[in-house]
Amino acid sequence: MGARPAVTLKALAGELGLNASTVSRVLNDPKGLDSKWASRDTKERIFALAEERGYRKNPYAASLRTAKSHMIGVVVPRLQDYVLATMYEGIDEAASEHGYFTVVSNSLDAPAAHRAKAEKLLDRRADGLIFGDALFEDPFLDELAKRGVAFTLVSRRSPGHRSVTCDDYTGGRMVAEHLVASGRRTFGLIAGNPRASTSIDRCAGFLDALAEHGLGVDPARMAPGGFDAPAGSLAAEQILAAGPLPEAVFAVNDFAAIGALGVFAREGITVPEDTALVGFNDTPLAGSVGLTTVRSPMHRIGRQGFEMLMDVLDGRDAESIQLPPELIVRTSA
């Protein structure tokens with residue numbers, strides 16, 4: 001026996017003896033905010049029959065009528081990254097509250113994939129985009145802005161485009177001030193991806209604060225790379241190869257810091273006795289290994305990134321937001 005055909009709006013209206021447009025307006029206003037289309041009794045009849053017949057709205061047909069899909073595309077470097085996954089949870093939570101759904105795609109921080117994934121989401125009629133993988137200098141974002149595409153950025157900023165981020169520069173300064181106050185005078189820096197604002201701003205804040213104390217970081221002990229544990233391991237090896245062990249190492253991401261921690265353990269270097277170690281973001285793993293870090297409001301960044309996109313889609317003014325970080329001191333520093 002075949003599947004029962006879907007109940008249509010027209011069929012409901014016919015059975016109720018009502019105009020299809022009246023039934024449509026009532027079903028699209030479940031909270032009864034607009035009372036002019038039908039009486040309370042009529043509304044109750046409409047909802048009761050719709051439930052009895054198992055009526056479901058056709059979102060594709062609705063999107064053709066309204067020119068809106070109520071779908072938002074989200075592009076992130078890697079959804080397996082706890083930081084971006086937490087931000088995405090905030091995005092998706094806010095989207096659900098607004099009657100939207102989200103589709104997420106990974107770019108692996110490759111510019112070609114960054115472009116291709118966004119274009120595919122737009123081809124599927126996404127109303128707007130949220131990027132968690134923006135580069136500091138990102139020509140594709142400039143292109144999208146010229147085309148009138150609605151988008152916002154989370155986690156990373158790019159000049160000239162609306163974003164919701166942690167105040168990464170201030171977070172970097174917090175790390176330097178704490179390490180200097182604890183008596184450290186020589187430093188290593190696991191600098192992350194030099195094309196991402198998170199790396200640029202955290203490093204700049206750290207170095208500027210050190211300079212105000214007459215201190216700095218030997219360029220040989222500044223190791224760029226990525227944000228994951230393998231990248232942190234490679235950076236730590238580079239810092240150790242550069243000469244005497246620094247008194248403290250700042251990694252611009254917790255996972256990179258944990259990669260460095262593994263190298264230090266392998267080489268018999270104890271933390272914090274031989275060298276202090278600080279990360280950034282305050283992921284759950286940081287707490288489990290006693291890592292001093294800077295807490296970034298990840299979930300809130302995601303939520304506010306979506307709310308900002310709603311402002312853009314509604315034609316309201318929206319300015320970039322930097323949310324305050326918090327230094328979390330644990331045993332590693």
Side-chain angles (χ1 to χ4, degrees), residues 68-77 83-84 86-100 102 104 107 109 114-115 118 121-122 126-174 192-206 208-209 252 280-282 294-327:
K68 283 189 174 182
S69 65
H70 285 87
M71 185 263 279
I72 299 299
V74 184
V75 185
V76 299
V83 175
L84 272 301
T86 304
M87 289 182 187
Y88 176 66
E89 286 179 2
I91 292 169
D92 196 55
E93 179 182 280
S96 296
E97 293 170 5
H98 284 266
Y100 280 76
T102 61
V104 65
S107 71
D109 252 340
H114 169 66
R115 173 185 289 268
L121 288 164
L122 292 173
D127 291 339
L129 300 173
I130 299 176
F131 291 99
D133 67 339
L135 300 179
F136 187 72
E137 296 180 358
D138 199 325
F140 179 56
L141 298 182
D142 301 335
E143 180 185 319
L144 288 179
K146 289 178 182 176
R147 286 161 52 184
V149 174
F151 68 88
T152 56
L153 314 179
V154 295
S155 182
R156 303 177 185 177
R157 65 184 182 90
S158 181
H161 303 295
R162 300 176 185 90
S163 61
V164 181
T165 64
C166 178
D167 186 348
D168 292 313
Y169 179 85
T170 295
R173 290 188 63 90
M174 287 177 168
N193 182 348
R195 300 180 300 167
S197 69
T198 43
S199 294
I200 294 168
D201 293 342
R202 292 168 191 178
C203 290
F206 182 70
D208 286 353
V252 299
F280 204 110
N281 283 320
D282 195 28
V294 176
R295 179 173 294 161
S296 170
M298 296 171 277
H299 190 271
R300 188 176 161 203
I301 286 171
R303 284 193 61 91
Q304 292 199 216
F306 180 86
E307 298 287 354
M308 180 179 287
L309 182 58
M310 290 296 97
D311 287 340
V312 175
L313 287 169
D314 290 340
R316 294 190 291 268
D317 290 336
E319 300 292 333
S320 292
I321 299 169
Q322 291 188 324
L323 299 177
E326 179 186 359
L327 181 69

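Note: hydrogens, waters and symmetry copies are ignored here, and every other heavy atom, side chains too, is used.
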Kindly write out the residues that satisfy ring-ring contact (aromatic ring centres under 6.0 Å, His included) with His161, not counting sequence neighbours, or none if the list is empty. Phe151
With His98 via ring-ring contact (aromatic ring centres under 6.0 Å, His included) - residues at least two apart: Phe306
Any salt bridge (charged side-chain N to carboxylate O under 4.0 Å, His left out) involving residues 150-168? Give me the pairs, sequence neighbours left out, ordered by first then second residue. Asp109-Arg156, Arg157-Asp201, Asp168-Arg202
Partner residues of [X] under the side chain to side chain donor-acceptor pair (under 3.5 Å) criterion, sequence neighbours left out:
X: Asp317; answer: none
X: Tyr100; answer: none
X: Thr86; answer: none
X: Asp282; answer: Arg295, Arg330

Tell me every residue that passes side-chain contact (heavy atoms from CB on, under 4.5 Å) with Arg115, counting only those two or more places apart in sequence or in another chain. Glu119, Phe140, Glu143
List in chain and number order the residues that pass salt bridge (charged side-chain N to carboxylate O under 4.0 Å, His left out) with Asp311, two or more places apart in sequence or in another chain; answer none if no residue qualifies. Arg316
Kindly write out the residues that satisfy salt bridge (charged side-chain N to carboxylate O under 4.0 Å, His left out) with Glu137, not counting sequence neighbours, or none if the list is empty. none
Val75 vs Leu129 side-chain heavy atoms within contact, under 4.5 Å: no
Is the shortest side-chain heavy-atom distance between Ser296 and Val83 below 4.5 Å? no
